[in-house]
Number of protein chains: 2
Amino acid sequence: MISLDANSSPTPEELPPEIDGLRMTKQRREVFSVVLAERDHPTANDVFSRSQKRMPTISLATVYNCLEALVSHGLVRQVNFEREPSRYCPNLSDHCHFQDQKTGTIHDVVFKEGVNLADFLELPQGTEVSHLEISLKGRIGSN
Amino acid sequence: MISLDANSSPTPEELPPEIDGLRMTKQRREVFSVVLAERDHPTANDVFSRSQKRMPTISLATVYNCLEALVSHGLVRQVNFEREPSRYCPNLSDHCHFQDQKTGTIHDVVFKEGVNLADFLELPQGTEVSHLEISLKGRIGSN
DNA sequence: TCTTCGAATTAGAATAATTCCAATTATTGC
DNA sequence: GCAATAATTGGAATTATTCTAATTCGAAGA
């Protein structure tokens, strides 16, 4: 399991050659380490420019490919706010997102103890939920 | 208040010249009546082609303008699923959306009695939520 | 009714995020 | 080391949406 300790995220070199059956190429390690390093919900473009610092030859298409690989292997979550560009989040625990309308900053929001959303919805009988996204927008305190 | 009775949605002509301070032009009435008529969460393009049947001269830009006017006046809700084109929903009651992955169909899902989402989230102190969107995806029954 | 003026509509161009494509390069299994 | 497979690359293509500038509409006042 990859450490989520905010104070010491892995460098690309520290990432193993394979995670959960996903081959970690040089580029995927770079992209993953960027997403793990600054947990500020970067867009693909953000990831691209941060990756370029260490790996100037990486292409935007590759960043998209790597993010897609990481997302589909469940190592990274894709976060959408309305029609804004997708953002990427390495926090795999059950949570949702709140966007501060003043600053655009996105905060992770966790559910209270033992809450299971599906318990609160009148879902059609026999529904199997495979994907759930909750997005909040608003202001914080005196902002 | 506009009737939400599924069996008889208003024709454009039946809509008043103003709703909630929003001037209802010919095009806005057309677009609104289309959204009210077939409550299947159409995209802007869907609305455009349906509107064209009665009003062949309407433009796509106008459809976008009208939808935006209706949304910002709270007469219609804009519904987003990940990076798919926005959809439009005339159901103003508190609800969220479930997309059947097999068919793409979107179903309205209501909350169980007395449920208030914010009660179940560890929101940062002083948070004021102005916008909330819950999107589910999955399969239904034997599908 | 006629005129005026701001708002709405229109067609088409522009934008921007993302995906696709075809060619090259890297990696794995033999 | 070699063939087969997968990943990367740059650039073109796609697509939903927004923008722009010109035209038209419609309400309100003269």
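Naming: A, B, ... by sequence-line order, numbering from 1 per chain. In what follows, every heavy atom counts, from backbone to side chain, and hydrogens, waters and symmetry copies are set aside.
The distance from atom CZ of A:F48 to atom C1' of D:dG11 is 13 Å, rounded to the nearest whole Å. Distance, A:Y64 OH to C:dT19 C1': 9 Å, rounded to whole Å. C:dA11 atom C1' lies 17 Å from atom CE of B:M55, rounded to whole Å. Here C:dT9 presents its P atom at 15 Å from CD of B:Q52, a figure rounded to the nearest Å. Taking atom CD of B:E68 as the reference point, atom P of C:dA8 lies 11 Å away to the nearest angstrom. A straight line from CD1 of B:I58 to P of D:dC25 spans 14 Å, rounded to a whole angstrom. In this structure, A:L60 places its CG atom 17 Å from P of D:dA13, rounding to the nearest Å. Distance CD (A:E18) to C1' (C:dT28): 12 Å, rounded to an integer number of Å.
In this structure, A:Q125 places its CD atom where only 12 or fewer heavy-atom neighbours from other residues, nucleotides or ligands lie under 6.0 Å away.
Using a 4.0 Å cut-off, no side-chain N or O of B:Q27 falls inside it from OP1 or OP2 of D:dC25. B:R23 has no side-chain polar atom (N or O) that falls below the 4.0 Å cut-off from OP1 or OP2 of D:dG26. Between C:dA8 and B:R28, a contact under 4.0 Å exists linking OP1 or OP2 to a side-chain N or O.
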Chi angles and distances behind the side chain to side chain contact (heavy atoms under 4.5 Å, CB included) call for B:N91, B:R77: CA-CA 7 Å; B:N91 178 354; B:R77 261 180 70 178; over 6 Å; no
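Residues B:F98 and B:G138 share a closest heavy-atom pair of CZ-C, 3.6 Å.
For the pair B:M24/B:L70, a side-chain contact is recorded, criterion being any heavy-atom separation below 4.5 Å from C-beta on.
Remark: the B:Q101 side chain and the A:H131 side chain contain no N/O donor-acceptor pair separated by less than 3.5 Å.
Among the heavy atoms of the strands lying under 4.0 Å from A:T62 is at least one base atom, whether or not backbone atoms are also near. Counting non-hydrogen atoms under 4.0 angstrom, B:T57 reaches the backbone sugars and phosphates but no base. The residue B:S86 sits close only to the backbone: its heavy atoms come under 4.0 Å of sugar-phosphate atoms, none of a base.
With C:dA17, C:dT9, D:dT9 as the candidates, the nucleotide lying closest to the side chain of B:C66 is C:dT9.
Taking for each of B:A61 and B:R83 the nucleotide of DNA chain C with the nearest heavy atom, the 5'-most of the two is the partner of B:A61. Place B:R87 and B:N65 on DNA chain D by their nearest nucleotides, and B:R87 ends up nearer the 5' end.
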